[in-house]
Amino acid sequence: MTTGVRKLPAGFGRLWTAQTVSSLGDGVTHAALPLLALTLTRDPLALAVVTAAGTLPWLLFGVLGGALVDRWDRRRTMWVVDAARAVLLAIPAAAAALDVLSIALLAAVAFLLGLGGLFFDTAATAYLPDLLGRDPALLERANSRLRGTQTAASGFAGPPAGSALLALGRAVPLLADAVSFALSALLVRSLPAAPRPVPQARESLLRQARAGASYVFRDRLLLGLALRPAVGNVAFLAVETVLALFAHDRLGIGSFGFGLLLTAEATGGLLGAAIASFLGRRLGTGTALTCTAAVEGLAVLGLAAAPNPYVAGLALAVCGAGMGATMVLAPSLRQSIVPPQLMGRVASTSRMLAMCAAPFGAFLGGWLATAYDVRTPLYAAGGLLLAMTAVTATMTGNRRVEAALRAAAPADEPAQPDQPVLPAAREAVQERAVQGQ
């Protein structure tokens, strides 16, 4: 579907700033929480509990959270959640200052922060299409900027800042993140109001949640978009589990060199996010998604076969670029074609599938490295990514993408001569939206 080139609205600048500030605070806490836990215990199981607690909300409440977001005012949800997270972080900060911090408290805080992240991220995903008028081109540009600054803030600037602030005192990084949430809440509070979701009376929350999940699984395009990160998480967690050991044993590099490898991957992610819109215009969104998936798989195979750290760094940078582009194109497409009243549930269902897949990848990587050698998980991950590319290529192809965009277009939008509107397809989408399928 061809759309006119328009400027991003002023409100997007405030949302972008809010998410950048919040991402910087997230990066600070991401580094500080494990280090704080390490000052309390050396028990690996206890440390794992703190790490895992932050992911549990997605596993336990992912689809239900999306159903709640589809009932609530999205802008209000975002600023209230960030204000609550700012207050929440004051509790462990006070406990650290009073020297009564504990693993149990850190795990509880990590869980509640993760729960807040579930609601904020889902609401932000659902709010953005309303802010940008569901324009696919604007959504790609906006997601490219959001993804790029999120990577820079939480991946580059946040973690070292968290480590540095921790040296000033155990409460300092927590207070810094609290300030970031408070600023984000103020900025989001100033955003323009979006239309309230259409209420679906006399339906239970569980029924609405089930309808959102069913909508994803019954639509081949949305299912293909959901399978990409789910299968990708299995592969990437298999790699991540053994990457440090691979770098030490096979590449002969130490902690500093390993940090550089991760920086190379993050740098590639920034590049991928920056060129995502160009790839979508040049190749078509469906073909671009297939190409980025293939690039990720080939890059992981290249990493497995890397004879030295330089080739490994290049492979990780290429893989990061593929991931960065995918994480702009796929959400933008989803935001363009999903009915507004289902957006929260569809987004949370896709995210939950990805989160549930991650532990399987970690187990797979550890088992393959133990049973065979440290390269085996990387080869298996590369093969899995390429197999996933072949399976989802037709599910997310250009023809299916264009048909979905035409079906989701407003009824008064003129069709392009070479892209006639499909009335039957549009009627089917509208009927499913009304039924809350």
Side-chain angles (χ1 to χ4, degrees), residues 15-39 47 50-55 57-58 78 81-82 84-86 88-90 92-93 96 106 109-121 124 143-185 187-188 236-237 240 243-244 255-256 258-274 316-317 320 323-324 327-328 351 355 358:
L15 179 63
W16 187 15
T17 303
Q19 292 207 9
T20 300
V21 170
S22 186
S23 293
L24 180 60
D26 287 345
V28 169
T29 301
H30 183 70
L33 273 185
L35 293 175
L36 278 172
L38 199 59
T39 66
L47 297 175
V50 175
T51 301
T55 66
W58 284 101
M78 288 189 288
V81 164
D82 265 2
R85 287 195 284 184
L88 171 66
L89 281 167
L106 286 180
V109 168
F111 178 84
L112 292 174
L113 287 175
L115 185 62
L118 186 161
F119 286 114
F120 184 94
D121 293 347
N143 280 311
S144 175
R145 297 183 185 187
L146 289 170
R147 180 63 189 168
T149 54
Q150 181 184 28
T151 300
S154 64
F156 285 112
S163 300
L165 291 172
L166 188 61
L168 301 177
R170 293 197 298 175
V172 176
L174 299 173
L175 291 174
D177 197 13
V179 170
S180 77
F181 281 131
L183 291 174
S184 175
L187 286 167
V188 172
F236 293 128
L237 263 293
E240 185 177 326
L243 187 58
S255 300
F256 180 74
F258 181 66
L260 291 180
L261 280 182
L262 298 182
T263 301
E265 183 179 9
T267 302
L270 287 174
L271 175 62
L316 278 173
M323 293 169 63
M327 295 179 76
V328 170
R351 180 73 177 272
M355 296 295 288

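Counting from 1, the numbers follow the sequence of the chain as shown.
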**Q** How far apart are the closest heavy atoms of G117 and W58, and which atoms are they?
**A** O-CZ2, 4.2 Å
**Q** Can you measure from OG1 (T20) to CG (L183) and round to the nearest 0.5 angstrom?
**A** 12.0 Å
**Q** Drop me the distance from M78's CE to S22's OG, to the nearest 0.5 angstrom.
**A** 11.5 Å
**Q** Show, in sequence, the C-alpha distance, side-chain angles and deciding distance for L187 and L15, and conclude whether the side-chain contact (heavy atoms from CB on, under 4.5 Å) test is met.
**A** CA-CA 7 Å; L187 286 167; L15 179 63; over 6 Å; no
**Q** Give the minimum heavy-atom separation between A178 and A86, together with the two atoms involved.
**A** O-CB, 3.4 Å
**Q** Grab the two heavy atoms, one from G148 and one from L270, that are nearest each other, plus how far apart they are.
**A**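 Shortest heavy-atom separation between G148 and L270 comes out as O-CD2, 3.0 Å.
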**Q** If you measure from CG on L316 to OG1 on T263, what distance do you get to the nearest 0.5 Å?
**A**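 It is 10.5 Å, given to the nearest 0.5 Å.
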**Q** Within this structure, what is the CG-CG distance for the pair L168 and L175, rounded to the nearest 0.5 Å?
**A**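 If we round to the nearest 0.5 Å, L168:CG and L175:CG are 11.5 Å apart.
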**Q** More than 12 non-hydrogen atoms from neighbouring residues, nucleotides or ligands closer than 6.0 Å to CE on M327, yes or no?
**A** no
**Q** Might you point out which heavy atoms bring R147 and G324 nearest each other, and give the distance in Å?
**A**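 Looking at all heavy atoms of both residues, the shortest contact is CG-O, 4.3 Å.
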**Q** Using side-chain contact (heavy atoms from CB on, under 4.5 Å), reason through L89 and L113 one step at a time and then give a plain yes or no.
**A** CA-CA 9 Å; L89 281 167; L113 287 175; 4.0 Å; yes
**Q** With rounding to the nearest 0.5 Å, note down the distance linking CG in L115 to CZ in F119.
**A**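 So the CG of L115 and the CZ of F119 are separated by 5.0 Å.
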**Q** D82: which residues meet the salt bridge (charged side-chain N to carboxylate O under 4.0 Å, His left out) condition with it, sequence neighbours left out?
**A**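 Listed in chain order: R85.
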**Q** Quick one: do the S23 and D26 side chains pair a donor with an acceptor below 3.5 Å?
**A** no
**Q** Nearest 0.5 Å, what's the CG-CZ distance between L165 and R170?
**A** 15.5 Å
**Q** Only counting residues at least two apart or in another chain, list the ones meeting side-chain hydrogen bond (donor to acceptor under 3.5 Å, both in side chains) with T151.
**A** none
**Q** Apply side-chain hydrogen bond (donor to acceptor under 3.5 Å, both in side chains) to S144 and list each qualifying residue two or more places apart in sequence or on a separate chain.
**A** none
**Q** Can you list every side-chain hydrogen bond (donor to acceptor under 3.5 Å, both in side chains) pair that touches residues 265-274, not counting sequence neighbours?
**A** none
**Q** Could you go through S180 and L24, starting from their C-alpha distance and side-chain angles, then the distance that decides it, and tell me whether this counts as side-chain contact (heavy atoms from CB on, under 4.5 Å)?
**A** CA-CA 8 Å; S180 77; L24 180 60; 5.9 Å; no
**Q** Could you tell me which residues satisfy salt bridge (charged side-chain N to carboxylate O under 4.0 Å, His left out) with R351, sequence neighbours excluded, listed by chain and number?
**A**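 Listed in chain order: D121.
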**Q** Evaluate side-chain contact (heavy atoms from CB on, under 4.5 Å) for V109 paired with L112, printing each intermediate quantity in order.
**A** CA-CA 5 Å; V109 168; L112 292 174; 5.9 Å; no
**Q** Measure across A110 and L33 and return the closest heavy-atom pair with its distance rounded to 0.1 Å.
**A**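 The pair with the smallest heavy-atom distance is CB-CD1, 4.3 Å.
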**Q** Excluding sequence neighbours, so at least two apart, what forms salt bridge (charged side-chain N to carboxylate O under 4.0 Å, His left out) with R145?
**A** none
